[in-house]
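Have a look at the structure below before the remarks.
Here is the naming used below: chain letters follow the sequence lines, and residue numbers restart at 1 for every chain.
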Amino acid sequence: MLPSMDRRGCVSRNGMTPCATVGVGPYGPRVPTVKGPPPGCQGRAARLRCLVMRRTRLLLPTLRETPADAEAPSHVLLVRAGFVRPVAAGVFTALPLGVRTLRRIETIVREEMDAAGAQELRMPIVVPADPWKRTGRWEAYGEEMFKLRDRAGRELGLAPTHEEVVTLLAGAELRSYRDLPANLYQIGWKYRDEVRPRFGLLRGREFLMKDAYSFDRDEEGLRRSYEAMRAAYRRIFRRCGVEVREVEADAGLIGGQVNHEFLAPAGVGEDLFVRCDACGHAADLEAAAVGGLGAGAAPGPVAATGQPVPGAAPLVEVQTPGCATIEALSAFLGVPAERTLKCMLYDAGGAPVAVLLPGDREVDERALARALGREVRPFTAQEFEAHGLVKGYVGPQGVPEGIDVLADPAVAAGLDWVAGGNQPDVHATGVAPGRDFRIDRVLRVARVRDGDPCPACGGPLAIARGIVVGHVYQLGARYAEALGATFLDEDGAERHHVMGCYGVGISRVMAAAAEQHHDEAGLRWPRALAPFDVLVLPTNMDDPDVLRTAGELEAGLAAAGLDVLLDDRLVAAGVKFADADLIGVPVQVVAGRRGLSAGAVDLKVRATGERAQAPVGETVAAAVRALAAAP
RNA sequence: CGGGCCGUGGCGCAGUUUGGUUAGCGCGCUUGACUGGGGGUCAAGAGGUCGCCGGUUCGAAUCCGGCCGGCCCGACCA
């Protein structure tokens, strides 16, 4: 029987078990056929062990050009290298290579979760609205949550996370302290109707996530569960080959007090965080702005200029025509911006507040809102007028009673400020806190900047971008209380479950790894995440020696337990090299006429670019070693 | 949701300002030949309701209106 064949070297359309196909040929009448399965790949048992794939049988559409709608490196490369295809804004199909890499991440996550004593569940994507209304999150999530109605008019949502569902399950099934502690997790698609999907997989509307929920008798148990998860997360990201920083973070809509983010530093990361290279301290930028920095660490005008503290100068009014901005004022008076006093006015949930900070600083409005527990917005022109204030020339000495004065620690600590004179074109110098104006509350709401001192050690902080790949929270009992989830404790008392929740963005990890590991030629997967371990690349498809060797290497590498991709296309070698670098398989084994004439094949480690030769007979061992040594 | 840009074979683009009858180019795809160690060469092909709807006009990819989709910046967030 003559196998069907096509130009690309496909041997058999129905020979779907890769090892059942034969050699690499035939490619045409001129090309000799390699008979029989490659050595080491005979028999049913061996066949089942083989983890080989032929390029001609794989849906692996690589693109030579950059897709017009992709910007982030991970987005460009995951599309170009044939891992994913876009379906709608922020929604993707994972192609076979993408599935393989996602599965490797999932496997690592499962192993570590299971090792930590967690149990896997499958919860639904479509969830009823009622529990969400009871916890208040139906409203709180707002437009972010996909909401639907079924034919009977029942309200449903696509779950972005599963606290409600799992808490109800715990309330029903974890009824005794003997059932606790418990940690339940799942891996599945999550939905979020993003205001603005972007960066490809990094911020999609559908994303693959592992979410886990711990249930304990008390806070002490929660802390133990929490620390166990943090430890598991460190192992997960280390195994994935993704560099992460663990930072103190903001709880967002999930809630709870203590929480940490695992940020993968990357150029396109959408989260800003501060880190101190001296002591390792790191915090989410917003968390840092609220409580991460102690008052003593705040740079006053004195520390910033390096000048000694002047004595308490008298308050003097000076003419400053056209100086409604700090920039103009600083230039006009020849005073550094950090010695001027900026007085910002906000409406905070109906109550006016004044925020004082050095002129070179900006208010982090989110941090302010969080510190006050109210929404804030800048004063309107009418509000300035109503309070008798002149925009651009507001000084704290003229802030009327009834407006709370919140001051940055630097303002409280400084003397001799240059502040607004509360009339057009007038400022005042020598303005001192306490003497000239009151401070109702010292509050750190200035946006953290590069170079600010670290609260832990005083060293310089750096602002960096990162991708949130993991987030762990201590939730406490709020969900259990809202949903009435209780258990009977040892003393017979009915108590609410104390919860924690823990997420890993599986699809984000893939994108984050792509962000961290690529070059101009393409992806460079860490070996734990690569879709295949080894790529076998025969260069001369008309050479029987080359074909036979490639087939033997394919079988031998598979027998050694590696996932092997054989590029059996009948195309120019250059095409294969370019594709090999693009898809980023860690080890390339090149079998070509040139090397084989000396009895050798070439190995290339993608991540390092390192090349080596090995005798044909030792290639498998050399490839295994190269893979083990790869990043 | 504000601001900007963009929808033309599978992908990347030109053509639109100044309407004109066969809508081009590169890559990819098909067939054949040559080639075969870094996206090679030649030849012959296939493939397009120019995002959708409506309007103006003798005539619309091109002008006007509406809608849909996508990207970037911002606000927001895993």
Non-neighbouring partners of [X] that pass side chain to side chain contact (heavy atoms under 4.5 Å, CB included), sequence neighbours left out:
X	result
A:I125	A:L158, A:W189, A:Y191
A:A600	A:Q613
A:P531	A:F83, A:L97, A:R100, A:T101, A:W525

Closest to the [X] side chain: [options]?
X	options	answer
A:R508	B:G37, B:G70, B:A78	B:A78
A:D542	B:A78, B:G36, B:G40	B:G36
A:A572	B:G40, B:G37, B:G70	B:G40
A:M541	B:G37, B:A78, B:G36	B:G36

For [N], which nucleotide in any strand shown is its Watson-Crick or wobble partner with both distances under 3.5 Å?
N	answer
B:C50	none
B:U41	B:A33
B:U56	none
B:G74	B:C1
B:G7	B:C68
B:U16	none
B:A61	none

On a whole-Å scale, what distance lies between the [atom1] atoms belonging to [N] and [M]?
N	M	atom1	result
B:G15	B:U56	P	29 Å
B:G24	B:A61	C1'	12 Å
B:U21	B:U62	P	14 Å
B:A23	B:U8	C1'	8 Å
B:A33	B:G70	P	45 Å
B:C64	B:U16	C1'	14 Å
B:G51	B:G12	P	14 Å
B:A60	B:U22	P	13 Å

Base, sugar-phosphate alone, or nothing: which one does [X] contact when heavy atoms must sit under 4.0 Å apart?
X	result
A:R611	base
A:G503	nothing
A:G269	nothing
A:K604	base
A:V468	sugar-phosphate
A:G595	base
A:V469	nothing

Starting from [atom2] on [N], measure out to [atom1] on [X] and report it in whole angstrom.
X	N	atom1	atom2	value
A:D211	B:A78	CG	P	14 Å
A:L202	B:C72	CG	C1'	15 Å
A:R593	B:U35	CZ	P	11 Å
A:H75	B:G70	NE2	P	12 Å
A:N259	B:A78	CG	C1'	12 Å
A:D579	B:G36	CG	P	20 Å
A:N540	B:G40	CG	C1'	14 Å
A:L570	B:U31	CG	C1'	14 Å

Is there a side chain to side chain donor-acceptor pair (under 3.5 Å) between A:Q186 and A:D211? Walk through the geometry before answering.
CA-CA 6 Å; A:Q186 64 171 350; A:D211 48 322; 3.2 Å; yes
Identify all pairs in which a protein N or O lies below 3.5 Å from an N or O of nucleotides 73-76 of chain B, and state each distance.
{"from": "B:C73", "atom 1": "OP2", "to": "A:R196", "atom 2": "NH2", "distance (Å)": "2.4"}
{"from": "B:C76", "atom 1": "N4", "to": "A:R198", "atom 2": "NH2", "distance (Å)": "3.2"}

Quick check with a 6.0 Å cut-off and a 45 degree axis cone: is A:K147 positioned over the face of A:W132's six-membered ring?
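No - A:K147 does not lie over the ring of A:W132 by the 6.0 Å and 45° rule.
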Does A:R85, at its CZ atom, have more than 12 non-hydrogen atoms belonging to other residues, nucleotides or ligands within less than 6.0 Å?
yes
Just wondering, more than 12 heavy atoms not from A:E227 lying within 6.0 Å of its CD?
yes
Using a 4.0 Å cut-off on protein heavy atoms (strictly under), produce a 5'-to-3' string for nucleotides 8-16 of chain B with B for base contact, S for backbone-only sugar-phosphate contact, and - for none.
---BSS---
Would you say the base of B:G36 and the side-chain of A:D543 have a donor-acceptor pair closer than 3.5 Å?
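Check fails, no donor-acceptor contact within cut-off.
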Considering residues at least two apart in sequence or located in another chain, which fulfil the side-chain hydrogen bond (donor to acceptor under 3.5 Å, both in side chains) criterion with [X]?
X	result
A:E246	A:R230, A:R234
A:Y185	A:D114, A:E120
A:D533	A:R104
A:T66	none

Evaluate the side-chain contact (heavy atoms from CB on, under 4.5 Å) criterion for residues A:N183 and A:Y502: first the C-alpha distance (whole Å), next the side-chain angles of each, then the deciding distance (0.1 Å), finally the verdict.
CA-CA 10 Å; A:N183 189 322; A:Y502 318 93; 4.2 Å; yes
Hey, which sits more toward the 5' end of RNA chain B by its nearest nucleotide, A:F207 or A:V601?
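So the residue in question is A:V601.
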Describe, in one word, how the ring planes of A:Y233 and A:F237 are oriented to each other, choosing from parallel (under 30°), tilted (30 to 60°) and perpendicular (over 60°).
perpendicular
Kindly confirm whether the side-chain ring of A:F577 is stacked on the base of B:G37, judged by centres under 5.5 Å and planes under 30°.
no
